[in-house]
Amino acid sequence: MPLRLYNTLTKSTQDFVPIDPTGAVRFYSCGPTVYDDAHIGNFRSFLNADLLRRTLELCGYQVRHVMNITDVGHMTEDDNADGGGEDKMSLAGRRIAEAKKSGKLPAGADIDPSNPYAVAEFYASRFLEDARHLGLKVAEEERTQPQLMPRPTRCVKEMIALVSALIARGNAYVASDGVVYFSVTSFAAYGQLSGNTLDKLREGEGGRIDAAHQAVKRHPADFMLWKPDPTHIMRWPSPWGEGYPGWHLECSAMAEMLLGDEIDLHSGGEDNIFPHHECEVAQSCCASGLPHFSRVWFHTRHLQVEGEKMSKSKGNFFTARDLFAKGVTPAALRLELTRTHYRTNSNFTMQGLRDSQRMIDRWCAADAALLARENDGAVGVGPMQRALAEFKAALEDDLNIARSVSVINIAISEPPSGSAHEERAALARMNSVLGVLERNAPLVAESDDLATKVEALLEQRKQARAAKDFAASDRARDELTALGVRIKDTPQGTTWERAV
RNA sequence: GGCCGAGUACCCAAGCGGUCUACGGGAGCGGAUUGCAAAUCCGUAAUUCGCGGGUUCGAAUCCCGCCUCGGCCUCCA
């Protein structure tokens, strides 16, 4: 069965057909901006891209996956598409400087807050750490192939070349204010991806157009490609003066540099559809002269938290590391952020996180049981091997992960049979997409302090139980519960873990 | 105002015209186990799919209208 994917460009689900049937699938993902830690909404988008990549691999494709790490600081008041306000990287620097002063600087961070490159590097390394914990394959590959996660600050040359090409082809112009703009009327297909065609843009307006900048542009929707600004915190020399690139430019330039003029897949969050991806299409197609930039556009819908929009003021804003620090396993977070279909809004809840953890625990137990009977001599096909085809079919159906998860659950509830080795291999194959079995452990090391207390209480309880003083043993257990510890009595003794 | 999505049990969620008295998971409830719990195992839940019409022999699934929620309309994953 062919892989079928929904394509934002055609608003329909279609068979995936790679450009190069013998080579690798060319896949570009819009990655994080590194002037702050990535939050769980960001990670839903990145993890869905990873899920797609792993599904492609399950289907037998080789994948060249590129994800940028945006280290140029976009403007805080980027509301006129022409730059303005403060650079977000310098804002981040100020935040770090304040944290430094108040002694709240994260561990291991001794950086110069006035150096935007250092600020970017600081958050980029934290992002890579989070991403590797969550099993983002491209972040793992980055260790040996750093070019797979390019940084715009290192690709300014390519961006300048792209702007030059667009000017030469008549798709861009230098306006009277010295800024280079892309001319949207020069690209007939502008609006095809988002539905925001030029006539509709004019109707809608949206109140975010700054009249001062409009005067110099040929069309209100024309967007900036290069802004000369000799005072800017990050700036590079260019034929149009020292300044900085427009914020849509980096993806077009880096995708072309690393994957070619035409790519198979491009992913991002739904908010990227317009203007970011619409502008990328315009830039890339005009520069290459090809009718398509990416054949398929893959967009993940937004994540809500406890039924509400995630926001810092509502107190429902989480970064991945916030949750890891609470003892949430990367596996549970990975599953929770991906198990809702990518084209529906998903609702992140603490209860959901526990549900995910529960499923993973059962899968791990099933895996351990298979390992335990690897030498029992059983042969043949069991539930896992039978499940594999349906698991794959579910994912091939526009990444129907909920169904693929239910396939595993059904297989696990069946009586085990067949060759344990083969069964385990089938489970591993399914897990190669889900990526949870190998990361089902909390990242926070329990403090020695807590461990000591817990061990003491467990010993107390053990003695009380031996003496049949159940009131005392229950008291010990209540104290453990108060410490946030859950205990489990097993034939091998009592184990404990931090309750999430 | 324009353009997109979504509404299924207490919660998450599959379903794409008949095989749906609707897959899974969690919570709950009953039982086994346990000193009591936790964990585990067994059993158990919507005759109904936001509301109202329509098409059809047949609709959660298609069409129309309405309501609610979310996204985009130049910050945002």
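All figures in this text were calculated on a predicted structure; none of them were measured in a lab. Residue numbers start from 1 in every chain, and the chains themselves are labelled A, B, ... in the order their sequence lines are given, proteins ahead of strands.
Both Phe46(A) and Ser346(A) lie near RNA chain B, and the one whose nearest nucleotide falls closer to the 5' end is Ser346(A). Residues Asp474(A) and Cys279(A) both approach RNA chain B. Their nearest nucleotides, taken by heavy-atom distance, put Asp474(A) toward the 5′ side.
As rounded to whole Å, 14 Å separates atom C1' of G15(B) from atom CZ of Arg343(A). One can place NZ of Lys309(A) at 13 Å from P of A77(B), the figure rounded to the nearest angstrom. Atom CD1 in Ile273(A) sits about 10 Å away from atom P in C72(B), given to the nearest Å. Between Phe274(A) atom CZ and A77(B) atom C1' there is a gap of 18 Å when expressed in whole angstrom units. Atom NZ of Lys468(A) and atom P of C36(B) are 11 Å apart (whole Å). The interatomic distance linking Leu395(A) (CG) with A14(B) (P) rounds to 13 Å, in whole Å. As a whole-Å value, the separation of Lys11(A) NZ from C4(B) C1' is 7 Å. We find that CD1 of Ile487(A) is positioned 11 Å from C1' of C36(B), with the value rounded to whole Å.
Distance check on atom P: G15(B) versus A6(B) gives 12 Å, rounded to whole Å. The separation of A32(B) from A38(B), taken at their P atoms, amounts to 14 Å, rounded to a whole angstrom. Of the P atoms belonging to C67(B) and G30(B), the separation is 44 Å, rounded to the nearest Å. Rounded to whole Å, the C1' atom of A59(B) lies 15 Å from the corresponding atom of U19(B). The C1' atoms of A9(B) and C4(B) are separated by 29 Å, rounded to the nearest whole Å. U61(B) and A27(B): their C1' atoms are spaced 29 Å apart (whole Å). Nucleotides U68(B) and G24(B) place their P atoms 35 Å apart, quoted to the nearest Å. Separation of the C1' atoms belonging to C49(B) and A60(B) is 5 Å when rounded to the nearest angstrom.
In terms of polar N and O atoms assigned as donor or acceptor, the side chain of Asn48(A) never comes within less than 3.5 Å of the base of A77(B) in a complementary pairing. Counting distance only, with no hydrogens placed and no angle test, the side-chain atoms of Arg486(A) and the base atoms of A38(B) include no donor-acceptor pair under 3.5 Å.
Remark: C23(B) base-pairs with no nucleotide in the shown strands. Criterion, Watson-Crick or G-U wobble with two distances under 3.5 Å. For A45(B), there is no paired base (Watson-Crick or G-U wobble, both distances below 3.5 Å). U33(B) is unpaired under the criterion used here, namely a Watson-Crick or G-U wobble arrangement in which both key atom distances are under 3.5 Å. Of the nucleotides present, none pairs with C76(B) by Watson-Crick or G-U wobble criteria with both distances under 3.5 Å. Shown here, G15(B) forms a base pair with U8(B); the pair counts as Watson-Crick or G-U wobble because both key distances fall under 3.5 Å. Using the Watson-Crick or G-U wobble rule with both distances under 3.5 Å, G65(B) pairs with C51(B).
Taking the six-membered ring for Trp and the full ring otherwise, the centers of Phe324(A) and Phe318(A) sit at least 6.0 Å from each other. Here His277(A) and His248(A) keep their ring centres 6.0 angstrom or further from each other. Proximity of the aromatic rings of Phe187(A) and Phe182(A) is defined here by a centroid distance below 6.0 angstrom, and this criterion is not met.
Within the 4.0 Å cut-off from OP1 or OP2 of A77(B), at least one side-chain nitrogen or oxygen of Asn42(A) is found. Close to A77(B), at under 4.0 Å from its OP1 or OP2, lies a side-chain N or O of Thr33(A). Applying the 4.0 Å criterion to OP1 and OP2 of A37(B), one finds that Lys488(A) has every side-chain N and O outside that range. Remark: Thr344(A) is not in phosphate contact with A6(B), judged by side-chain N or O atoms under 4.0 Å from OP1 or OP2. Contact check, Asn347(A) against C12(B): a side-chain N or O comes under 4.0 Å of OP1 or OP2.
Evaluation of the salt bridge (Lys or Arg N to Asp or Glu O under 4.0 Å) rule for Arg321(A) yields Glu129(A), Asp130(A) as partners, not counting sequence neighbours. Taking the ring pair (Phe, Tyr, Trp, His ring centres under 6.0 Å) definition, one finds that His39(A) meets it with Phe317(A), sequence neighbours left out.
For His39(A), whose side chain is taken as the heavy atoms from C-beta onward, the closest listed nucleotide among C36(B), A14(B), A77(B) is A77(B). Between C73(B), G35(B), A14(B), one nucleotide has an atom nearer to the side chain of His341(A) than all others, and that is A14(B). Proximity note for Arg461(A) (side chain, C-beta onward) versus U74(B), A37(B), A77(B): the nearest is A37(B). In this structure, of G71(B), G70(B), G35(B), it is G35(B) that holds the atom nearest to the side chain of Arg465(A).
Between Arg475(A) and Glu479(A) there is no salt bridge, since no side-chain nitrogen of the basic residue lies less than 4.0 Å from a carboxylate oxygen of the acidic one. At a threshold of 4.0 Å, the pair Lys227(A)-Asp177(A) does not count as salt-bridged, since none of the basic side-chain nitrogens sits closer than that to a carboxylate oxygen.
If you check every strand for non-hydrogen atoms under 4.0 Å, Gln304(A) touches sugar and phosphate atoms only. Residue Gly352(A) is out of contact with every strand shown, counting any heavy-atom pair closer than 4.0 Å. In this structure, Ile408(A) reaches neither bases nor backbone, as no heavy-atom distance under 4.0 Å exists between it and the strands shown.
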Report task. Test salt bridge (Lys or Arg N to Asp or Glu O under 4.0 Å) on Glu270(A) and Arg343(A) and set out the steps. Result -> CA-CA 9 Å; Glu270(A) 63 175 321; Arg343(A) 279 194 292 117; over 6 Å; no
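Cation-pi contact between Arg301(A) and Tyr342(A): absent, since separation from the ring centre below 6.0 Å together with deviation from the ring axis within 45° is not met.
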**Report entry** Footprint string (nucleotides 20-33 of chain B, 5' to 3'): B base within contact, S backbone only, - free, heavy atoms under 4.0 Å
**Finding:** ---BSBSS------
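Not a single donor-acceptor pair under 3.5 Å links the side chain of Ser252(A) to the backbone N or O of Leu249(A).
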